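Since we're looking at a predicted model, the values are computed, not measured. Letters go in sequence order (proteins before strands), and every chain restarts at 1.
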Protein chains: 2
Amino acid sequence: MELNDRKMKILQAIISSYFDTAEPVGSRTISKNYDLGISPATIRNEMSDLEELGFIVQPHTSSGRIPSDKGYRLYVDILLENQKAQIKKIALLEDLVQKADRIESLLQDIGKMLAKETHYATMISTPQYKSSKIKNIQLICLEPTKLLVVVVTDGNTIKNYMINIKEGIEQNILNRLTFILNEHLYGLTVEQINLPLIQSIQKYAEANFEVITKVLDVVCQTMQSTDDTDIYTSGTTNILKFPEFSNINKAMELIDTLEEKSALKTLLYSMTGNEDGKIKIKIGEEIEVAEMKECSIITTSYCIGGEMVGVIGIIGPKRMDYMNTISSLKYLINSMEKKLLKGDKGS
Amino acid sequence: MELNDRKMKILQAIISSYFDTAEPVGSRTISKNYDLGISPATIRNEMSDLEELGFIVQPHTSSGRIPSDKGYRLYVDILLENQKAQIKKIALLEDLVQKADRIESLLQDIGKMLAKETHYATMISTPQYKSSKIKNIQLICLEPTKLLVVVVTDGNTIKNYMINIKEGIEQNILNRLTFILNEHLYGLTVEQINLPLIQSIQKYAEANFEVITKVLDVVCQTMQSTDDTDIYTSGTTNILKFPEFSNINKAMELIDTLEEKSALKTLLYSMTGNEDGKIKIKIGEEIEVAEMKECSIITTSYCIGGEMVGVIGIIGPKRMDYMNTISSLKYLINSMEKKLLKGDKGS
DNA sequence: GTTAGCACTCTCTTCTAACGAGTGCTAACG
DNA sequence: CGTTAGCACTCGTTAGAAGAGAGTGCTAAC
């Protein structure tokens with residue numbers, strides 16, 4: 001039995017109707033609401049076939065049909081193929097990117113906005129700093145034995161660390177050290193800071209050996225730790241609005257999972273292979289996390305300065321509005337990368 | 001009719017039992033579970049009196065009683081009076097305060113932890129910078145026409161701003177400007193930066209008039225705007241676990257309110273009068289926000305460097321565990337202020 | 001190949017009756 | 001006179017039954 005054009009149309013009708021109502025779809029509903037020019041009885045026959053092919057399922061005998069994971073998969077694959085979809089503009093975004101001063105809060109705001117726009121829950125990971133390059137380091141004396149280290153990387157991400165030192169140090173010496181550090185470290189990734197380089201810097205630092213060592217230490221440590229990538233979730237309560245989660249315990253399990261950042265981290269990164277910028281979708285059972293098997297996840301990666309660094313994901317019910325959501329996501333990524341590449345985040 | 005000792009004991013038993021079960025409490029339950037040495041019938045008579053006095057109410061005829069707002073108020077007032085309560089230690093806190101690098105993320109973590117500890121929702125406001133003093137300003141050149149301004153205030157709160165300038169500027173000139181700025185602004189609050197002072201600084205800056213003006217502008221603006229104080233909420237989904245919010249719509253309304261930061265801001269600051277460090281409690285109808293009239297809120301303010309700057313609040317059902325919650329909160333504030341006063345936030 | 005008709009299935013809603021927890025009142029008790 | 005046992009009454013909750021409604025699969029006719 002092959003999947004002819006008419007069966008496909010019926011499948012789409014089922015998906016569409018189920019998206020609207022979250023109720024199993026019957027043959028009469030399709031015949032009435034979708035102009036296919038065939039009677040309910042015919043549709044019933046076709047539906048029987050579609051079920052045999054595994055694209056739809058019946059929750060119980062004598063109920064309507066709902067799309068199966070396989071059905072959604074087919075639908076989504078076709079959708080992704082013909083994706084010249086008009087990209088949906090998100091009005092608020094421009095404002096947002098304009099006024100953000102730190103990338104972390106920008107990401108949080110983007111997540112919030114995307115959740116508001118799509119009415120689903122969103123997850124967004126902070127950039128992985130492993131491959132980002134040092135742009136500037138500055139040492140500032142706060143108290144006699146307390147230094148502030150400011151590190152700026154490309155993409156203008158700013159990190160502040162405070163370190164305590166044993167002996168006081170004057171600002172003009174710090175300025176010299178700052179100069180030495182920038183001289184040696186500009187443009188380097190954290191992997192490129194190796195022992196010979198460190199020794200060379202230490203030589204220049206002379207008497208301020210302790211300070212330089214501590215600074216290098218703290219910079220390396222924080223920049224290379226993967227644990228440092230955080231995940232911001234937003235709109236998790238949107239989940240409560242979906243009838244598929246009217247069982248409050250299921251909903252809470254899911255929300256709890258979304259707060260469990262470490263699980264999300266694995267999930268998000270498992271979804272972004274080596275292809276950048278592509279939209280990836282997982283549907284139902286395809287998701288490894290047990291609590292999410294009633295959901296679908298749409299993800300994509302975003303770049304800062306050309307390198308793949310972070311992931312954005314949208315999680316909703318399986319009957320989610322794939323088309324609009326993908327389109328919003330694409331638009332978002334586009335505007336975001338344009339902005340971040342320019343690094344134009346100040347006033 | 002006066003509120004004698006036995007009535008008080010019964011009220012406490014009702015509150016205690018209702019805390020455990022969230023079910024109206026009957027006379028037999030009290031007689032069985034609380035060793036008062038009186039029969040259900042006697043308890044019924046006393047309860048009838050307590051109801052007349054307004055301390056308990058009946059959800060409907062022939063059901064048990066639940067405490068009224070007035071009943072909780074009495075209970076809480078007595079609780080606050082005899083507060084030598086053993087302070088409950090929160091194990092995780094020490095760790096948290098140790099490794100935090102920015103006050104914002106520290107506050108977020110504290111909120112999370114407190115939510116986890118108490119199983120209620122928490123709100124925590126970022127410090128109000130109005131009265132905090134400038135400790136250090138640093139200008140860093142990132143790109144020819146892009147500067148990074150780092151401002152450190154007492155309490156070691158660090159703020160970063162990026163500004164764009166028209167003409168390029170060299171780092172050694174920036175160093176001079178940095179020196180001038182620190183020379184003039186050290187120890188000042190934002191209110192103390194007046195026109196004569198600005199003009200005096202501008203004079204020193206000579207050719208770099210534009211830069212200095214922009215820097216001063218951005219520093220003043222961000223430090224004095226009250227809008228800058230943010231509120232972090234945490235554990236909002238804990239609300240779903242309480243039977244009083246089994247009506248999912250009510251729960252969602254409340255959660256939405258908790259995400260509406262501006263309303264929370266008013267609420268939190270309305271609760272902290274001019275007395276520092278005291279625990280304040282609002283119960284049910286005492287809360288101005290309509291969606292929260294089924295809740296109680298416990299707040300207190302926290303200090304950095306001796307001045308009142310922020311507020312922490314815990315929101316739960318009216319039958320919340322006031323004693324433990326207050327005790328956790330007190331312990332938290334204690335440890336936090338000790339840490340922040342020392343400003344020991346780096347490694 | 002398509003469609004009308006019909007018996008059948010299964011869920012959801014509605015209605016009723018029974019149950020149970022709890023009260024208030026009255027009368028008896030120490 | 002305070003305390004207690006007994007009892008009728010209230011009201012919310014639960015369980016079960018009946019009926020409605022949506023939808024299917026099959027058969028036979030077009």
Q.
Tell me if the side-chain of A:R44 makes a donor-acceptor pair with the base of D:dG25, cut-off 3.5 Å, by modelled atom types.
A. yes
Q) Is the base of C:dT3 touched by the side chain of A:S39 through a donor-acceptor pair closer than 3.5 angstrom? A) no
Distance test, side-chain N/O of [X] to OP1/OP2 of [N], below 4.0 Å:
X: B:T42; N: D:dT4; answer: yes
X: A:S62; N: C:dC8; answer: no
X: B:T29; N: C:dG22; answer: yes
X: A:S63; N: C:dT9; answer: no

Nearest-angstrom distance from the residue atom [atom1] of [X] to [atom2] of [N]:
X: B:D49; N: C:dG24; atom1: CG; atom2: P; answer: 10 Å
X: A:I38; N: C:dT3; atom1: CD1; atom2: P; answer: 7 Å
X: B:E23; N: D:dT13; atom1: CD; atom2: P; answer: 9 Å
X: A:R65; N: D:dA22; atom1: CZ; atom2: P; answer: 18 Å
X: B:N45; N: D:dT4; atom1: CG; atom2: P; answer: 10 Å
X: B:R28; N: C:dT23; atom1: CZ; atom2: P; answer: 11 Å
X: B:I43; N: C:dT23; atom1: CD1; atom2: C1'; answer: 13 Å
X: B:E52; N: C:dT23; atom1: CD; atom2: P; answer: 16 Å

Q: Could you please spell out the steps behind the salt bridge (charged side-chain N to carboxylate O under 4.0 Å, His left out) verdict for B:R73 and B:D69?
A: CA-CA 6 Å; B:R73 172 50 64 197; B:D69 287 6; over 6 Å; no
Q.
Heavy-atom nearest nucleotide on DNA chain D for B:T61 versus B:G37: which residue maps closer to 5'?
A. B:G37
Q: Scan residues 3-10 of chain B against DNA chain C and write down, sorted by residue number, each residue with any heavy atom closer than 4.0 Å; if none is found, say none.
A: none
Would you say the side chain of [Y] lies within less than 4.5 Å of the side chain of [X], judging by non-hydrogen atoms?
X: A:S262; Y: A:E260; answer: yes
X: B:K282; Y: B:E288; answer: yes
X: A:M113; Y: A:T122; answer: no
X: B:F242; Y: B:R319; answer: yes

Q. Do you know which two heavy atoms are closest between A:D321 and A:Y120, and how far apart they sit?
A. N-OH, 2.9 Å
Q: Kindly give the heavy-atom pair with the smallest separation between A:S68 and A:G54, and that separation in Å.
A: OG-O, 2.6 Å
Q: Just need the stems in DNA chain D: three or more back-to-back Watson-Crick or G-U pairs, each with both distances under 3.5 angstrom, sorted by first number.
A: C:1-30 with D:1-30
**Q.** Presence of salt bridge, B:R6 and B:E46, under 4.0 angstrom
**A.** yes
Q) More than 12 heavy atoms of other residues, nucleotides or ligands under 6.0 Å from CG of B:D35: is that the case? A) no
**Q.** Residues B:S328 and B:T325: side-chain donor-acceptor under 3.5 angstrom
**A.** no
